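These notes concern the structure reproduced below.
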Amino acid sequence: MEQPPPQAPAGDAQAPYLQLLARGASADAYEQPVLLARAEGAAPARIAALEDAKRLALGVRAEMEGRRRREAELSALFETAHDLAGLRDLDAVLQAIVQRARSLLGTDVAYLTLNDPARGDTCMRVTEGSVAARFQQLRLGMGEGLGGLVAQTARPYVTDNYGQDVRFQHTRTIDAGVQDEGLVAILGVPLTLGSHVIGVLFAADRRARVFEREQIALLGSFAALAAAAIDTANLLTETREALGELERANEIIRDRSGVIERASDVHDRLAELVLRGGGVHDVAAAVSQVLDGTVEFTDADTAPGEAVEVSRTEGHAVRLGADWVAAVAAGGELLGALVLRGQPGLDPVDQRTLERAAMVTSLLLLARRSASEAEQRVRGELLDDLLDARDRDPRLLRERAARLHADLGTTHVVLAARLETAGAADADAEAEAAARRRLWSAANHLAATRHGLAAARDGGTVLLLPLRSGGTASGMAAHVAERLSAAIHETVTVGASAPVADLVARAETAAHAYAEARRCLDALRLLGRAGEGAAAEDFGFLGLLLADSRDIGGFVDRTIGEVVTYDERRGTDLVRTLDAYFASGTSPARTKEALHVHVNTVAQRLERIGRLLGPDWQEPGRSLEIQLALRLHRLAGPDHR
């Protein structure tokens, strides 16, 4: 009989790709090991192993590239925030923002224009990558070109081919400048202070290109920093003018020196907080000390609504009775507010101090959100790979899980969670989508605190949580349903799989457990038990159909185990009496004839059975389960227990 060709060791096939990963080679270089093997006439098994290793290596490379990109974006935002915190030269900060925007978006050119209220137009301020002098000196009337339209409407605009885009008002001057520079694809986002547009930040390519939503959002973040830098520079200008006035009047100098000292103090403190990664409550504590008051951070749901809306619209802190309120916002999203208690007579410098603290708070919240979302995506991707991937490296999966503080070698439970408003006929689509996002976020938080994983899937959320010592899948399902429902203030139903061990040993283990969890979830909803959590063991004989493995012995033990144990320990005949009782149509008279005992003996045995099984043992549903368990016990024979 012909022997099959030897299989190529996986390590030999992976070695060249590990070297490519180590030196950061381009994607094209990953084709070389396969091409070289084919040229050398390598065995088909060797080529197949190389192909598998190539796919795996490219996947690792893509994940590493994504992480590097996200880290670079977050680093650039922090570096820009640092530049802003230590602002001395406005042009230098704006140039740094444009340079980083161009680098992160990978465009040929990036530039920034500012509005000129005196002339009613907008002019070029800084450029990066530009080579045409006429382009660098452009002025755009309000509504002219893409930039003029962004400045007029305060909305981002993007075009993949500016010369052929009829949405914009083309002028000879603007088109000539764009042609000199050779620009084709252009993205512009507004620089806003409160409700006022003060300029536009652009990223452009000399070839056709489609800008992704994440790139538009990233450029918008840089635009927010640029606007803050301009506002801070204006504040410094105002401060210098105030100092000039103070120098002309010694009494005013004495009155204002303490205020200026506090402003400088809070400037240094906020800069230090940004550099060492402080939190929003650290900012509130620092400003409280400088302003000699109590500053509190409140989230968007509990912030004083009307005052916060005015502050967000005007871009300044507003007075509310004896308090001051400064909105903490990013773009059009309200993140919360800083509230200064009991200081009705706040002077302008202290007011600006509170406003700067609100701006720094928004930057810290955005940074924390970006980091949290990145970790959530990584957890979801790993769980998706466990559920979907068939050809995978168990060692790599364990390493990825370890980086997230999860141990795939322990016993876990897979849980399927679903929002009960999802799919309802009267449900608002936008509100439903928001509720699903809240469910996913709450599930991710729960998974992170329990060293598990979570991902959005099939219109709901799937969780993989380690089973604690002494815990059960049923108890975990009920606990998760309660926690998620309380966290998002919605009804959440949760189905759980039976406990599973060593998820990476067999490719289909996680997928089968998820299928069982979904069956339990569907059963709960069909039985009208929405908002509960359950595993197969909670459904009686129905659990035999729901479970991925048929635990007949467990069902028998849960249903009539007390009676069987009683017979074994005392030598009684309760199981046989119970069997005869149901076989006789629940008639004690016919039961005593079948057993050849007195009817009082039957009554005494039935009373004992009732104490062992509970008072509801003769109700129709429970009775059906008991009869099924008796038959399965009889079929299993004397060695069942």
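Source: prediction; values computed, not measured. Just so you know, these numbers use all the heavy atoms, side chains as well, and skip hydrogens, waters and symmetry mates.
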Close side-chain approach of L612 to R608, heavy-atom, < 4.5 Å = yes
Shortest non-hydrogen contact from P33 to P16?
-> CG-CB, 4.1 Å
CA sep, side-chain torsions, deciding dist, call: L218, E214, side chain to side chain contact (heavy atoms under 4.5 Å, CB included) = CA-CA 6 Å; L218 178 60; E214 292 80 4; over 6 Å; no
Over all atoms of both residues, closest heavy-atom pair of V189 and P156 = CG1-CB, 3.9 Å
Backbone N/O of H445 and side chain of T449: donor-acceptor pair under 3.5 Å = yes
Please round to the nearest 0.5 Å and tell me the distance separating atom CG of L574 and atom CG of D579.
-> 12.5 Å
Can you name the closest pair of heavy atoms from V414 and Y514 and give their distance?
-> CG1-CA, 3.7 Å
Can any side-chain N or O of T591 pair as donor or acceptor with the backbone N or O of S587 at less than 3.5 Å?
-> yes
Once you round to the nearest 0.5 Å, how far does CG of L419 lie from CG of L439?
-> 6.0 Å
Do D573 and R605 touch side chain to side chain, with heavy atoms closer than 4.5 Å?
-> yes
If you measure from CG on L465 to CG on L453, what distance do you get to the nearest 0.5 Å?
-> 8.5 Å
Calculate, to the nearest 0.5 Å, the distance between atoms CG and NE2 belonging to D407 and H412 respectively.
-> 6.5 Å
Nearest heavy-atom approach of A530 to T493 is CA-OG1, 3.4 Å
Of all the heavy-atom pairs spanning P499 and L467, show the shortest one and how long it is.
-> CG-CD2, 3.8 Å
Specify whether Y581 and W617 have parallel, tilted or perpendicular ring planes, treating 30° as the upper limit for parallel and 60° as the lower limit for perpendicular.
-> tilted
Hits for side-chain contact (heavy atoms from CB on, under 4.5 Å) against V158, two or more places apart or cross-chain, chain-then-number order -> L187, F211
Backbone of D458 reached by a side-chain donor or acceptor of R418 within 3.5 Å = yes
Minimum heavy-atom separation for D567 to V575, with atom names?
-> OD2-N, 2.8 Å
Mind checking the CG-CG spacing from L464 to L415? Nearest 0.5 Å is all I need.
-> 8.5 Å
Using a 3.5 Å cut-off and no angle test, enumerate the donor-acceptor pairs between side-chain atoms of residues 474-489 and protein atoms at least two apart in sequence or in another chain.
from : atom 1 : to   : atom 2 : distance (Å)
S474 : OG     : D538 : OD1    : 2.7
S474 : OG     : D538 : OD2    : 2.6
S485 : OG     : A481 : O      : 2.8
S485 : OG     : E490 : O      : 3.4
S485 : OG     : V492 : N      : 3.1

Roughly how far apart are W440 CH2 and R457 CZ, rounded to 0.5 Å?
-> 14.5 Å
When you look at CZ of R611, are more than 12 heavy atoms from neighbouring residues, nucleotides or ligands closer to it than 6.0 Å?
-> yes
